[in-house]
Amino acid sequence: DFNYRSLELAATFNKGTAEIQSARIAGENIEVLVSGLIPFDRVGLALSTRLVRSGQTGPDQVFFIGGSWPDLVALPVSQGETLSPLPNRD
């Protein structure tokens, strides 16, 4: 269970998709920061999530959460990691 104290959310809705510009969920000793897309017509999800713990030493935990319901995946993302484009198949 995650007992949160507050939720702040800024999002836009356009053509069946919610774009979460920023969301902040504050708990007792942890803060969850979220941004991404939720396309309702495709029953999908693509979110970037950062866990910030109070008193933490070291980098925050960052995850990509995505996929289609009900088979979502959560993948850790290393700090400073960059994604390279896929090579052309020509």
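Rounded to the nearest 0.5 Å, atoms CZ (F40) and CG (L45) are 9.5 Å apart. The line from CD1 of I30 to CG of D60 is 9.5 Å long, rounded to the nearest 0.5 Å. Here the OG-CZ distance, from S35 to R50, works out to 9.5 Å after rounding to the nearest 0.5 Å. To the nearest 0.5 Å, the span separating CD1 on I25 from CZ on R5 amounts to 13.0 Å. Atom CD of Q56 and atom CD of E31 lie 11.5 Å apart (nearest 0.5 Å).
Following chains of ILVMFWY side-chain contacts shorter than 4.5 Å, one can reach V32 starting from F63, so the two form part of one hydrophobic cluster. L37 and V73 fall into different hydrophobic clusters, defined by Ile, Leu, Val, Met, Phe, Trp and Tyr side-chain heavy atoms under 4.5 Å apart, directly or through other members. Note: the hydrophobic cluster containing F64 does not contain L47 (ILVMFWY, side chain heavy atoms under 4.5 Å, direct or indirect links). Cluster annotation: I65 is not connected to V77 through the hydrophobic network of ILVMFWY side chains, with a link wherever side-chain heavy atoms come within less than 4.5 Å. Cluster annotation: V62 is not connected to V52 through the hydrophobic network of ILVMFWY side chains, with a link wherever side-chain heavy atoms come within less than 4.5 Å.
Looking at every heavy atom in both residues, L9 comes nearest to A23 through CD1-CB, 3.7 Å.
Applying the 6.0 Å contact sphere to OH of Y4 captures no more than 12 heavy atoms from other residues, nucleotides or ligands.
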| query | Do R24 and S6 pass the side chain to side chain contact (heavy atoms under 4.5 Å, CB included) test, and can you show the C-alpha distance, the side-chain angles, and the key distance before you say yes or no? | reply | CA-CA 8 Å; R24 179 183 168 270; S6 65; 3.8 Å; yes

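Side-chain contact between S68 and V43 is absent, with no heavy atoms from C-beta onward closer than 4.5 Å.
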